[in-house]
Each structure stands twice: as structure tokens, then as C-alpha cells.
Amino acid sequence: MDVNFAPLRAWDDFFPGSDRFARPDFRDISKWNNRVVSNLLYYQTNYLVVAAMMISVVGFLSPFNMILGGIVVVLVFTGFVWAAHNKDVLRRMKKQYPTTFVMVVMLASYFLISMFGGVMVFVFGITFPLLLMFIHASLRLRNLKNKLENKMEGIGLKRTPMGIVLDALEQQEENVSRIADYISKVKE
């Protein structure tokens, strides 16, 4: 599988004035989910830079707890994704309620990390960057280039790290996944 990294978007595009931000329609979960997925794909490198800065600061202050927290979260996430592939109930929950699925992973990680005493490192080093990404992706309005990048990622023309994570969470539009399946069959 060929993985490409998305370009770093201009910071004035990433965080412009308030005219490009709007509260999502909480009654239309599908539209809100599409906005979040689209923004996560489009701004993924910007999110990575912001998260890396926050993780670096927290990691500098408490390196052992930061490494421990990262390992626990990766192991718990991997375990939940594996279980969701093998259990239909978890698979449906992951697909229908991705935010709940991520919150369950984070809560399970929190309880495991609390046994080792690294809760504040977990909160500020791992959870806070994820929360900032989710808030930005929820509030940032999409533009045409953003929507085009999302379609290219969805049909398999471009594979990025965020696309791989979103695939593991089964977060893609139904029509796009049908096209991607068709393209993969044609390639074979």
C-alpha cells in the first residue's frame, strides 16, 4: 500500500477569520460527520503539526508518562479495531457512532493509564490535541478544494495516514466506498 502525506495547508486557510467557521447542524449527524471527515483529511498535516507541538511540550515535561500513554492508546485502539472486525455488534457501533467508539477507546486508555499515575499527561498530551482536532474539524466550513481532496482519498486515488485511520474507523461515504470497491476490483 502506497502512503502519501498530505501537504501542509496555509495557516491562514487553516485558521482564518470567523467567516469560515460555523456551528454544525447537530440535527443532521450525517452532514456533520461528512464535514468532520472532510476536514480531518484535508487539514491532517496541520493537525499533526499542532498535535506534535503539544505532545512535544508534554513529552519534554514527562517523557516516561507520555511514551507510556501513547503506547497504551495505540494498543487499546488496535484492540478495539480488531474486536470490531470480529464482532458484529462492535462493528455496527463503530460505523454508526464513531465518536462514541473513540470516546470508549479514550476512556479505556484513561483507566489503564490511571493505574500508572500518568493521568494529567494523558489528558494534556493525548486527549487535548484530539479534542482540538475534533472541534476544529466540526466548526471549519469546507471549501471546494477540501471536498475534492476528500473524494480523491475516498476512492483510493490517494492514501494518507488520516485516511488509513478513518478507514479503520469505517468513516467514509457509502457512494465513495462503492466506487473504491469497484476500482479495486478493476485493478485486480
Side-chain angles (χ1 to χ4, degrees), residues 1-18 20-21 23-24 32-33 35-84 94 97-142 145-146 149-150 153 158-171:
M1 173 174 19
D2 188 31
V3 177
N4 300 316
F5 288 90
L8 184 67
R9 307 297 176 190
W11 290 102
D12 60 336
D13 179 38
F14 179 66
F15 199 72
S18 61
R20 294 301 305 156
F21 287 90
R23 188 175 63 94
W32 181 19
N33 185 56
R35 180 193 286 190
V36 170
V37 168
S38 180
N39 283 329
L40 286 174
L41 288 170
Y42 188 70
Y43 294 113
Q44 63 185 290
T45 306
N46 296 67
Y47 292 141
L48 180 64
V49 168
V50 170
M53 289 186 321
M54 294 177 76
I55 288 169
S56 297
V57 169
V58 174
F60 178 74
L61 298 173
S62 184
F64 175 75
N65 286 334
M66 192 65 215
I67 291 169
L68 177 68
I71 290 170
V72 167
V73 170
V74 167
L75 290 175
V76 170
F77 180 77
T78 304
F80 272 89
V81 168
W82 176 82
K94 180 177 71 169
Y97 306 105
T99 305
T100 304
F101 185 81
V102 171
M103 289 176 63
V104 167
V105 168
M106 298 310 286
L107 285 173
S109 300
Y110 171 82
F111 286 120
L112 286 173
I113 292 170
S114 69
M115 293 180 194
F116 299 108
V119 173
M120 291 312 290
V121 171
F122 174 75
V123 169
F124 287 107
I126 298 170
T127 307
F128 192 60
L130 290 175
L131 179 65
L132 288 178
M133 285 182 219
F134 180 72
I135 290 171
H136 182 273
S138 291
L139 297 176
R140 179 69 169 95
L141 295 172
R142 297 181 291 170
K145 190 173 179 184
N146 184 321
E149 287 284 327
N150 189 26
E153 176 74 25
K158 193 162 108 175
R159 297 290 299 168
T160 60
M162 184 65 75
I164 293 168
V165 170
L166 291 172
D167 280 347
L169 291 172
E170 296 182 25
Q171 291 306 301

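This is a predicted model, so every value here is computed, not measured.
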Legend entry - Atom pair CE (M133) and CG (N39), whose distance is rounded to the nearest 0.5 Å: 13.0 Å

Inset, instruction - Hey, could you give me the CE/CD1 distance between M66 and I71, rounded to the nearest 0.5 Å? - result: 10.5 Å

Legend entry - Heavy-atom pair of closest approach, residues I55 and G125: CG1-O, 3.1 Å

Legend entry - Side-chain heavy atoms of N46 within contact of V50, under 4.5 Å: no

Legend entry - Where V36 and S138 come nearest, the two heavy atoms and their spacing: CG2-OG, 3.5 Å

Inset, instruction - State whether the side chain of R9 and the backbone N or O of Y42 hold a donor-acceptor pair below 3.5 Å, judged by distance alone. - result: yes

Legend entry - Parallel, tilted or perpendicular, as decided by the 30° and 60° cut-offs, for the rings of F134 and W32: tilted

Inset, instruction - Looking only at non-hydrogen atoms, find the nearest pair between R35 and R140 and report the distance. - result: CD-O, 3.4 Å

Inset, instruction - Can you measure from OH (Y43) to NE2 (H136) and round to the nearest 0.5 angstrom? - result: 6.0 Å

